[in-house]
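Heads up, the thing below is written out as C-alpha cells.
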Amino acid sequence: MGPAGTPLDHTEIIARLRLIRSENVGPVTFGHLLRRYGDASRALAALPKLAAQGRLGRRIRIYGRAEAEAELEANHAIGARVVVRGMAESPIGTQPQAHNFPARNRIIAGLSLEVVVVEAAERSGSLITARLAGELGHEVMAVPGSPLDPRCRGSNQLLRDGAHLIETGDDNVAVVAGLGGRHVRAPLGAPFDGFKPRPPSPKTLAAARREVIEFLDATPTAVDEIIRRCQFSAPVVLTVLLEAELAGTVERHPGNMVARRFTPRSGT
C-alpha cells in the first residue's frame, strides 16, 4: 500500500527494487531517499547528482530496469510476493525453509515497531531478530525466565543487555505509549507523514561538505554528535552524509553512526 492506503503500482515496485539494489543504497539510506523525494522514481533520478556532489566525478551504478523486471519475474515464478516496509503488494507467500530464516528475521525486525522475545536459548534465531531490531533503533523487550532453564538464557541475556522487562501486556503497552502511542489507539485522521523541510541551499551545502566530511574518521561517530559539533543544521548535515554515502566515501554503522571510508593508495 502507498501513502493514504493506495496500492503500489508496478512502476513504483520496480523503482523501489532498483533503488534498494543500487550501489551504496542500504536500508537506512533507502528510507532517507523515500522521505526526501516522496517516491522511488524521483529518488532514482536524483541519485547521480547526489553521488557526484559527494565526490567529484563519482558515477554511481544504478540497478537497471531490466534487472529489476527479471528479479521480480523470478520471484513470482516461485510464488513469492513483494513486501515493502509500511506498504505491501500482498503477504509473503513462500514456504518456510531454514536457509530463509535470516532474511525473514531481518524483514520482521524492519517491519516491527518493537520486538518481544518470550523465550530464547543462547543460539536462538529470535536473538538475531532482536539484534537486528536494536540496530535499526527499534524497541527490544524480553520476558524473564528461570535462570536454571537453558531455554531462557538468551532472553535473560537480552534483559542484562538493557532490553525492556515485560511481565504483562500492560508492560508492553506502557513501552509503546512511551514512544508516542502511535499503535496503541486508532488515529483520528490521515496518518502523519512528517514535515517536508525545505532543501538546503546549494551555497550552504557547498560550505558544509568539507567541514562535515573532515570531521569524520575511521571510528564510527553518532550522527547526532556530528550535528551537535558542526555549525550546520540537521538537514544540511544529513544531506551531506547522504551524498557521501552514495559516493562511497562514508559508510553507515549500527546505532545511527557513520565513519569515513578511506581507500588505500595504490602502491602501498
Side-chain angles (χ1 to χ4, degrees), residues 2-3 8-75 82 84-87 110 193-216 218 220-221 223 226-227 230 232-253 256-266:
L8 288 177
D9 60 21
H10 181 76
T11 299
E12 179 63 10
I13 292 172
I14 289 295
R16 287 183 175 225
L17 183 56
R18 293 181 64 198
L19 183 62
I20 193 62
R21 293 284 191 265
S22 291
E23 184 182 8
N24 296 332
V25 178
V28 175
T29 304
F30 177 83
H32 287 331
L33 289 167
L34 283 185
R35 286 191 294 272
R36 178 168 180 173
Y37 293 100
D39 62 50
S41 297
R42 292 189 182 96
L44 278 171
L47 281 186
K49 183 178 180 181
L50 287 171
Q53 289 171 336
R55 188 167 72 193
L56 293 179
R58 178 69 167 88
R59 297 187 62 181
I60 188 172
R61 183 187 182 279
I62 297 177
Y63 198 62
R65 179 180 298 276
E67 295 174 286
E69 292 279 5
E71 182 175 346
L72 199 61
E73 282 295 321
N75 278 282
V82 174
V84 183
R85 182 180 180 183
M87 310 173 186
D193 194 31
F195 294 107
K196 303 294 189 225
R198 181 176 299 175
S201 69
K203 182 178 179 180
T204 302
L205 286 174
R209 285 186 185 108
R210 180 181 297 274
E211 182 173 335
V212 171
I213 299 304
E214 287 186 352
F215 178 83
L216 299 174
T221 304
V223 173
I226 299 170
I227 294 172
C230 295
F232 297 100
S233 66
V236 170
V237 174
L238 293 175
T239 298
V240 171
L241 292 176
L242 176 62
E243 294 173 349
E245 185 180 6
L246 291 172
T249 57
V250 163
E251 57 186 358
R252 289 195 177 270
H253 293 264
N256 198 29
M257 304 182 80
V258 294
R260 194 169 179 180
R261 180 182 293 165
F262 293 93
T263 303
R265 295 179 179 177
S266 59

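Keep in mind that what you see is a predicted model, and the values were worked out from it rather than measured.
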Scanning both residues in full, the closest heavy-atom pair of Arg18 with Arg65 reads NE-N, 3.5 Å
Residues which pass side chain to side chain contact (heavy atoms under 4.5 Å, CB included) with Glu211, listed by chain and number, not counting sequence neighbours: Cys230, Phe232
Spacing of Leu50 atom CG and Leu242 atom CG [to the nearest 0.5 Å]: 5.5 Å
Approximate separation, where rounding is to 0.5 Å, of Ile60 CD1 and Lys49 NZ: 15.0 Å
For a quick test of reading the model, state the closest non-hydrogen atom pair linking Leu17 to Leu72 and the distance between them. CD2-N, 4.5 Å
What closest approach, in Å, do Thr29 and Arg252 show between heavy atoms, and which atom pair accounts for it? OG1-NE, 3.7 Å
Using 0.5 Å steps for rounding, measure from the CG atom of Leu19 to the CZ atom of Arg42. 13.5 Å
Rounded to the nearest 0.5 Å, what's the gap from CD on Glu251 to CG on Asn24? Could you check? 10.0 Å
CG/Leu238 to CZ/Arg35 distance, rounded to the nearest 0.5 angstrom? 9.5 Å
Shortest non-hydrogen contact from Ala51 to Ala247? O-CB, 3.4 Å
A side-chain contact here means heavy atoms from C-beta on lying under 4.5 Å apart; do Arg261 and Thr249 qualify? no
Partners passing side chain to side chain contact (heavy atoms under 4.5 Å, CB included) against Pro27 (at least two apart in sequence or in another chain): none
Could you check if a side-chain atom of Glu245 sits within less than 4.5 angstrom of a side-chain atom of Leu241, using non-hydrogen atoms only? no
Do the side chains of Thr221 and Phe215 get nearer than 4.5 Å, heavy atoms only? yes
By salt bridge (charged side-chain N to carboxylate O under 4.0 Å, His left out), which residues pair with Glu69, not counting sequence neighbours? none
Answer yes or no: is there a side-chain heavy-atom contact under 4.5 Å between Arg36 and Leu33? no
So Leu34 and Arg16, do their side chains get closer than 4.5 Å, heavy atoms only? yes
Leu44/Ile62 under side-chain contact (heavy atoms from CB on, under 4.5 Å): CA gap, chis, key distance, verdict: CA-CA 8 Å; Leu44 278 171; Ile62 297 177; 3.7 Å; yes
